[in-house]
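In what follows, a structure is listed as structure tokens, so that the remarks can point back to it.
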Amino acid sequence: MAEFPKRFDFREAEPRIYQRWMDEGCFGAAVAPDGTVRDPKRAQARPFVIVIPPPNITGRLHMGHALNNTVQDVLIRYHRMDGDDAVWIPGTDHAGIATQTVVKKQLDAKGVDYRELGREQMIANIWEWRAEFGDAILEQLRKMGCSCDWERTRFTMDEGMNAAVRRCFVNLYDRGLVYRGKRIVNWCPVDRTALSDDEVEKQDEKGKMFHLRYPLAQDRSRWMVVATTRPETMFGDVAVAVHPEDDRYKELVGTAVILPLMDKAIPVIADPHADPEKGTGVVKITPAHDPNDFEVGLRNNLPIVDVMNDDATLNELVPGRYQGMDRYAARRKILEELEAAELLEKVEEHVLAIGRSYRSKVPIEFRLSDQWFVKMAPLAEMALQANGYEQAEEGWARKTPDAGVAFHPDRFEKVYLHWLSNIRDWCISRQIWWGHRVPAWHHLETGEILVGEGEPERVRDAPEEWRQDEDVLDTWFSSWLWPMSTLGWPERTPDFERYYPTSVLSTAKDIIFFWVARMNFAGLGFEDRLPYQDVYLHSTIADDRGVTMSKSKGNGIDPLTLIEGATLDQLKRPVQEALPSNAKEILRRLEKNFPEGFEAVGADAMRWTLIFSITEGENVRLALQRFLEGRSFVTKLWNGAGRIISSLEAESDRSVAPGEPTDEDAWILARVDRTSRTVRAGLDGFDFGNVAQELYRLVWDDYCSWALELSKTRLTGEDSVERLGVLRVMGSALADILRMLHPIVPFVTEELWSRLVPAMDRLDLWLGDPPTSKQLIRDRFPPGDGPDRADVEHRFAILQRFVSAIRQLRSQYRVKDSERIVVHVKPLEADTAPMLERCRSAVSFLAKLDRVELVEARSKGMAAHYDPAFELYLDLSRYVDLSEELARLDKDIGRTEKELGATSGKLANASFVERAPADKVQETRNREAELKEKLEKLAATRAELAEVA
RNA sequence: GGGCGGGUAGCUCAGUUGGUAGAGCGGCGCCUUUACACGGCGCAUGUCGCAGGUUCGAGCCCUGUCCUGCCCACCA
């Protein structure tokens, strides 16, 4: 027999195979970006397009990426094989603040202050960094086997993207959808920049709640008590608020109180923001230093008093003795002075959520500043209408069920709707350098603002009078154009004309608002079309205890550990770096489970495990051990296929015609065909977990455990007609199995394909059409259009039950496989005898029989197994004490009686017979008869054996 | 506070329009049988969170309730 390695050597094969796919241009679309047709046939086909969620250039591959990109690759490979013009567009995101921070850190380490470098030099440094490290994650995707069209790789800051962003900004500005306004932002007083919410680390910290007395203007001997955690902002107070329904303070609304230390009168207003249940029910309103107060200020037309400088010292609007003082020093002094004036009523311990800059670790300050905004309501309305919603009396109601974007799982439709109907304007400006600069110019004298895709003429004419806006745009402001801009938008490129809108977006559910919804807005807002048809939202990856994997918890699994392996020390490192509270326990488990480290399992095993584990639930729990199961599957496939391939390669007789498929041949072919229908439906419906389960059963149970075992007698026999016959069936079935598995485990299937196809070609053994390609990646996906073979599947099920029954008896009575036994069979169905006749040698092989004898009745003293299709008798006298067999029979009798009781009980219930559908009643009657008969037989057998014993 | 999930075998999870509860892993027993010990064969295990209701019949539908995870809002 030809040589076939015991294991798939993925370390050697994966890079080699990937390189070959690249060399032969297997990933490219039918039409090149410049419009040149590369594959005329496919250029006529339906495009299937996925645009990758661009990973950050600072990013490294984690399990979430691994899952998401495996899903995308599965879809792309499936559609490519199915004849679509499949294209997967890769790229990366410039990730504004994250990248700037990484480079700033590097400079810090060298003792360089990036501010001194200046804007231009800093940006140049970031570009350098990006050139060196920015594509690392794409390299990792290649290791995973992702079949992206690398020729189309884009970056959110490349030139075309920049043009797209400017076009988009100007367009929205002209439509009145981009505006400039004041807003409270998270401000870092150390780095003196605004931070996005993601860049703020929120944590509960112990603090104090201060109750301050604000005297009434009309009677300074009385006061209102406000509770605050931030007394230092009191100089910016412009009102105190009470709830409109709060009877305690009703008559004070409309009067004024005196702001202590300032001796300034501020109004008492009624606003629902004041919660009568909290604190004293009276809240001070400081619009410049609190987001809620800002809203209250707007509602009540209050002035805004900003009392801080950009480094969080107090400014010139506070009493002179406080000016220039740090916020915390000011707090202490304020409290002292209030106490002295008997205006500090009490101080309580209080736990509150403090936001700190993830960079400087200093508490952030809420700071009022000028920002750019996108008006979201009109865009959200378009999105709602696109998904078939119309304004109804109570919010939005869906009138057209299948309109717009389809979410998978569909419950996310609700999440999407909820966000759309409670939309808030989007602050798009950031006070950093790395990003798309706001295309607006401010007049130095008048403050007039000009907006333009390029430098406006008036700016060019008098450059000294204007300066460009210093801010850059939020990273998502380029991301929301991604499905369009990657294809060349706003230009009408061949790519855009052919491949927009795209087909599927696959991403994590936590960015449904940040990204998915906004992409929908951009698509509708600029092109009147949604950017894709389907959105697949995959589960979050959690560890085996259900805790979401994250770097800070140290519980993540590095995909490269799976692909390349890791030593125990390497496994421990993330835990030691993160130092979670249960670090000791995790480390101990690692030491116990992986004393020698973790041996690589390869990209296929990783991909398989991920797809196999997907459920529709909130998260997917994965432990390192689970990937070993994936490896077992790959090895099983490898060995099962190898058995057939080596027989094919070793076959020397080409002089005879292969035998016609037998019944069991027809069965495995029918199973393959049925599975291909299930798999297609599953992939079309984004039901990945189920697809993998079906394929697992097909490979492990049907192909390896039954078909392959059954084929062995013919495979190793002298009859070359039979040999070629079974090789033809098993080889052709294997080809379809490899085709179906290829999207999930591309490497091992491609490798097996490269040996299967020449071997089959050599013997000219294909059932049906031969493959269309030497490369599996380019071959066709099984159509699943075979005839229904329920008859064959029924007959085969009898055979399986027959073999299993004998195996059970053998195992129970410890009859060794080496002991060939004789069984007696009484057929009860027309199919039974011919089937046993045809499969005689195969069945004997599986059940380790000497022979099967067809009989009319049980001989005395024999054990019996009763099946609807046959009765099986076995002379156990040589192996077992009859009392043991009696016990076994009693158990069976008990089980049967119990089920019969339930079944008869049902039929005794008049309303069941009356009301249940006729076919169900008949089914139950049949079952009852079957059970009665079986019980009778068992009882008779028992009585007879008892007599003998 | 609002919303969305999940609670089924020791563990991780399937369970199609209501009609006899399933898989993988783990466990136990046997087997170094020539594709595979990353293997083969067999066995065991469930008051389907709890309480009501609808129904001839409920893991599945309805109501309530407990536990748990996530998202949004808020935290003076």
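So you know, we letter chains A, B, ... as the sequences are listed, proteins then strands, and number each from 1. Treat the numbers as computed from the prediction; the structure is a model and nothing was measured.
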Legend entry - Flag if over 12 foreign heavy atoms under 6.0 Å of CZ, A:R674: no
Expected rows: protein N/O vs nucleotides 8-12 of chain B N/O, under 3.5 Å:
residue : atom : partner : partner atom : Å
B:U12   : OP1  : A:R621  : NH1          : 2.9

Inset, instruction - Go through the structure and list residues passing side chain to side chain donor-acceptor pair (under 3.5 Å) with A:E599, not counting sequence neighbours. - result: none
Inset, instruction - With heavy atoms under 4.0 Å as the rule, sort A:E709 into base, sugar-phosphate or nothing. - result: base
Legend entry - Those residues that, when tested against A:V347, pass side-chain contact (heavy atoms from CB on, under 4.5 Å) (two or more places apart): A:K208, A:F210, A:L344
Inset, instruction - Please confirm whether A:K848 makes a cation-pi placement over A:F845, using NZ or CZ under 6.0 Å from the six-membered ring centre and within 45° of the ring normal. - result: yes
Inset, instruction - Determine, for A:W638 and A:R7, whether the Lys NZ or Arg CZ falls below 6.0 Å from the six-membered ring centre while staying within 45 degrees of the axis. - result: no
Inset, instruction - Go through the structure and list residues passing side-chain contact (heavy atoms from CB on, under 4.5 Å) with A:R807, not counting sequence neighbours. - result: A:W706, A:V803, A:L846
Inset, instruction - Just call it for A:L622: base, sugar-phosphate, or nothing, with non-hydrogen atoms closer than 4.0 Å on any strand. - result: nothing
Legend entry - Nearest to side-chain heavy atoms of A:K636, which nucleotide of B:U33, B:A44, B:G39: B:G39
Inset, instruction - Among the candidates B:G19, B:C36, B:C25, find the nucleotide nearest to the side-chain atoms of A:E629. - result: B:C25
Legend entry - Pair pattern of RNA chain B in dot-bracket, where unpaired bases get dots and | marks partners in another strand, Watson-Crick or G-U under 3.5 angstrom: (((((((..((((.....[..)))).(((((.......))))).....(((((..]....))))))))))))....
Inset, instruction - Mind checking A:N292 for me? I need base, sugar-phosphate or nothing, with any heavy atom below 4.0 Å counting as a touch. - result: sugar-phosphate
Inset, instruction - Taking the six-membered ring for Trp and the single ring otherwise, decide whether the centroids of A:W223 and A:Y214 are under 6.0 Å apart. - result: no
Inset, instruction - List in numerical order all residues of residues 693-704 of chain A for which some heavy atom is under 4.0 Å away from an atom belonging to RNA chain B. - result: A:Y696, A:W700, A:C704
